[in-house]
Participant: 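Mind having a look at this structure? Questions to follow.
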Amino acid sequence: MRVVLAWPWLRATCTLLGNAPRRLVSRGAPRRRRTQKDCAAGWDEKSTGRVQWSQLEHRGPHFTPPYEPLPDEVRFLYDGKPLKLSLAAEEVATFYGKILDHEYTTKEVFQNNFFSDWQKEMTTEERKVITSLDKCDFTEIHRYFADKAVARKALPREEKQKLKEAAEKLQQEFGYCILDGHREKIGNFKTEPPGLFRGRGDHPKMGMVKKRVLPEDVVINCSRDSKIPEPPTGHQWKEVRTDNTVTWLASWTENVQSSIKYITLNPNSKLRGEKDWQKYETARRLKGVVAEIRSQYQADWRSGGMRTRQRAVALYLIDKLALRAGSRKEEGEVADTAGCCSLRVRHVRLHPEADGHKYVVEFDFLGKDAIRYYNRVPVEGPVYENLQLFMDHKEPEDKLFDGLTTASLNRHLQDLMDGLTAKVFRTYNASITLQGQLRALTRAEDSVAAKILSYNRANRAVAILCNHQRAAPKTFEKSMQNLQTKIKVKKEQVAEAMVELRRAKADSEIKGDGKSRSVLEKKRRSLEKLQEQLARLSAQATAREENKQVALGTSKLNYLDPRISIAWCKRFGVPIEKIYNKTQREKFAWAFNMAGEDFEF
DNA sequence: TATTTTACTTAGAATTACCGTC
DNA sequence: GACGGTAATTCTAAGTAAAATA
């Protein structure tokens with residue numbers, strides 16, 4: 001394994017961690033923000049852990065190029081007749097035309113939001129004429145952009161090379177910053193282009209126009225003595241400030257949801273690496289106290305206080321099922337989704353007996369990104385009885401845990417362990433599951449391919465626990481068929497090689513000379529090779545089938561302590577490149593020297 | 001104390017890059 | 001060198017949680 005270490009800070013952190021007794025409950029400094037009191041009290045010291053940098057210099061965001069009007073021959077038709085639109089109205093029309101073939105343009109909410117926002121961009125005359133989306137014909141616009149995409153793809157090699165070089169130049173110019181003397185890659189150095197908002201699930205704002213970001217919208221954050229980034233010619237920044245308690249380089253407020261968007265560092269940066277590491281350290285501290293926390297919430301199932309009982313049942317679900325906290329959401333502003341604390345009565349069904357178990361709870365709700373969570377789980381008697389109690393005399397839309405908020409739950413967790421919040425349970429359970437599964441599934445004598453299959457199985461167990469789903473790839477059926485054909489061919493080759501081997505064996509026994517022996521040896525090796533190839537293909541087929549609708553990437557990137565995987569690779573001689581690609585290796589660079597082969601989460 | 005705002009983390013889809021095959 | 005399939009990367013929405021504010 002080759003790890004490039006341009007990480008002088010790593011060595012110090014490794015030593016620190018390596019020697020730290022793990023059970024010791026350390027004081028993870030909670031995130032704090034500047035208050036006036038702090039400033040007066042001299043909190044602006046690096047040692048407090050609040051200050052994130054002392055030098056930050058960058059070029060500011062790169063802006064989406066201005067709108068290019070359509071050529072005259074590309075027409076928009078209204079009621080069957082060509083209609084030349086004003087520049088602003090035309091631009092918004094292209095947003096719709098570009099995605100004409102997408103499913104959500106068929107949705108009423110999308111259409112209504114789009115049309116109403118589009119009208120705002122129209123001239124008075126246009127607004128008078130264009131009164132119904134049904135009479136709008138965007139097909140020429142759609143074809144224009146589709147053709148353009150095809151043409152781009154068919155560009156000669158050297159033209160493509162030029163485009164690539166231009167992108168690289170842009171990356172070099174805008175894609176890096178200097179943070180405390182180090183050149184660090186920025187994660188997103190471009191502002192988001194204007195277009196139509198596409199929420200997930202039944203989002204009430206889908207189809208609204210997301211406006212072009214202007215320098216006048218952008219707040220720049222950089223150090224006082226740094227070269228202040230130059231706004232594009234003829235423009236000004238909204239504000240230039242120096243706030244070294246935050247990690248963002250620039251920000252603006254997006255118009256659809258009024259949320260703040262940030263330009264931030266790439267995950268491979270020192271700053272984000274350290275935070276990632278801290279996250280897993282917090283989860284490891286939970287490992288040390290989780291048994292105690294579990295006994296406590298089990299005891300609390302019988303508490304006299306209803307709020308305590310609700311909290312204890314919710315915590316049990318967060319721990320056992322890896323549910324998200326479920327914070328409160330603005331009704332009508334966002335899609336109607338739920339997490340643990342925001343579960344409603346209609347999301348849960350109780351079965352005194354089901355699937356051969358007593359006390360089965362059936363969950364069916366939409367979680368983050370409107371991904372469905374469906375699960376039937378047997379629970380302990382008291383949990384079942386409590387759920388029954390919480391649901392009693394309530395309407396389907398009522399909250400299951402009416403006396404509970406994520407804030408109150410987290411306050412309680414903070415008392416149990418410094419830095420403990422609901423999401424730490426997900427991190428902890430994901431990582432401990434990976435570690436356990438790897439131990440259960442890996443056999444030292446297996447081939448590397450078989451070990452990787454085990455790794456992916458362990459990874460999958462976590463993804464299923466965390467409910468990380470994906471739409472089955474469009475090409476799934478076909479690619480599966482192709483693979484099956486390959487396997488069939490390989491099987492035939494193996495059978496043939498067996499026959500040949502047998503023949504060579506007989507031949508060698510009769511003749512007993514050197515030549516026939518060497519033929520025999522050759523046949524033996526060729527059979528072995530074919531069998532290996534077959535095994536690899538079968539493993540691939542199995543893995544692909546099992547992964548059809550499971551997304552492994554999310555847990556790999558966000559929930560699994562990379563040190564578990566690194567240690568596993570070291571112990572079983574699996575090249576790390578088989579587990580982490582280049583980007584992932586860079587993101588997890590902080591972990592490489594920390595994890596020896598016997599690292600334990 | 002309750003609500004709102006801010007900052008940061010997590011998420012699946014969409015897009016692009018890459019590689020083997022014909 | 002076009003094609004097709006997969007892997008990698010990019011994109012930005014949607015969460016969590018804590019601070020700020022009312």
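Throughout, protein chains are lettered first and strands after them, A, B, ... in sequence-line order, and every chain is numbered starting at 1. Quick caveat, the model's predicted, so the values are computed rather than measured.
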Participant: Counting only side-chain heavy atoms from C-beta out, which of B/dT6, C/dA14, C/dA17 sits nearest to A/Q257?
Facilitator: C/dA14
Participant: Between B/dA13 atom P and A/R198 atom CZ, what is the distance in whole Å?
Facilitator: 12 Å
Participant: Return the value, rounded to whole Å, for the distance between atom NZ of A/K279 and atom P of C/dA17.
Facilitator: 13 Å
Participant: Choosing from B/dA13, B/dA11, B/dA14, which nucleotide comes nearest the side chain of A/H102?
Facilitator: B/dA14
Participant: Would you tell me whether A/Y455 and A/S565 have side-chain atoms, one donor and one acceptor, within less than 3.5 Å of each other?
Facilitator: yes
Participant: Applying salt bridge (charged side-chain N to carboxylate O under 4.0 Å, His left out), can you list everything that pairs with A/R272, at least two apart in sequence or on another chain?
Facilitator: none
Participant: Strictly below 4.0 Å: does A/K423 bring a side-chain N or O up to OP1 or OP2 of B/dT9?
Facilitator: no
Participant: Between C/dA17, B/dG12, B/dT9, which nucleotide has the shortest distance from any of its atoms to the side chain of A/D369?
Facilitator: B/dG12
Participant: Enumerate all atom pairs, one protein N or O and one N or O from nucleotides 16-21 of chain B, separated by less than 3.5 Å.
Facilitator:
residue	atom	partner	partner atom	Å
B/dC18	OP2	A/K164	NZ	3.4

Participant: With respect to the phosphate group of B/dG12, does any side-chain polar atom (N or O) of A/R372 fall under 4.0 Å of OP1 or OP2?
Facilitator: no
Participant: Could you go through the salt bridge (charged side-chain N to carboxylate O under 4.0 Å, His left out) check for A/E173 and A/R59 one step at a time?
Facilitator: CA-CA 8 Å; A/E173 255 180 73; A/R59 290 278 317 258; 3.7 Å; yes
Participant: Is the distance from OP1 or OP2 of C/dA14 to the nearest side-chain N or O of A/T337 less than 4.0 Å?
Facilitator: no
Participant: Report yes if the side chains of A/N255 and A/K210 come closer than 4.5 Å at any heavy-atom pair, otherwise no.
Facilitator: yes
Participant: Looking only at side-chain N and O atoms, does A/K210 come under 4.0 Å of OP1 or OP2 in C/dA13?
Facilitator: yes
Participant: Please enumerate all protein N or O atoms sitting under 3.5 Å from an N or O of nucleotides 6-11 of chain C, with distances to 0.1 Å.
Facilitator:
residue	atom	partner	partner atom	Å
C/dT6	OP1	A/S479	OG	3.2
C/dT6	OP1	A/R544	NH1	2.9
C/dT9	OP1	A/T583	OG1	3.2
C/dT9	OP2	A/T583	OG1	2.0

Participant: Can you identify which nucleotide, out of B/dA14, C/dA17, B/dG12, has its nearest atom closest to the A/A422 side chain?
Facilitator: C/dA17
Participant: Can you name the closest pair of heavy atoms from A/L413 and A/A422 and give their distance?
Facilitator: CD1-N, 3.4 Å
Participant: Report yes if at least one side-chain N or O of A/N558 is closer than 4.0 Å to OP1 or OP2 of B/dT9; otherwise report no.
Facilitator: no
Participant: Which heavy atom of A/A430 sits nearest to which heavy atom of A/Y559, and what is that distance?
Facilitator: CB-CB, 3.6 Å
Participant: Just verifying a value: how many Å separate A/F601 CZ and A/I432 CD1, rounded to the nearest 0.5 Å?
Facilitator: 6.0 Å
Participant: Measure from the side-chain heavy atoms of A/Q414 and tell me the nearest of B/dT6, C/dA13, C/dA18.
Facilitator: C/dA18
Participant: Going by distance alone, is a donor N or O of one side chain under 3.5 Å from an acceptor N or O of the other, for A/R563 and A/Y280?
Facilitator: no
Participant: When you measure from the side-chain N and O atoms of A/H203 to the phosphate of C/dA13, is any distance below 4.0 Å, counting only OP1 and OP2?
Facilitator: no
Participant: With under 30° as parallel and over 60° as perpendicular, where do the rings of A/F174 and A/H62 fit, or are they tilted in between?
Facilitator: perpendicular
Participant: B/dT9, OP1 or OP2 - any side-chain N/O from A/Y559 closer than 4.0 Å?
Facilitator: no
Participant: So if I take every side-chain heavy atom of A/I260 and compare against B/dA7, C/dT12, C/dA17, which nucleotide ends up nearest?
Facilitator: B/dA7
Participant: Could you tell me if A/S259 and A/E254 have a donor-acceptor pair between their side chains, going purely by distance under 3.5 Å?
Facilitator: yes
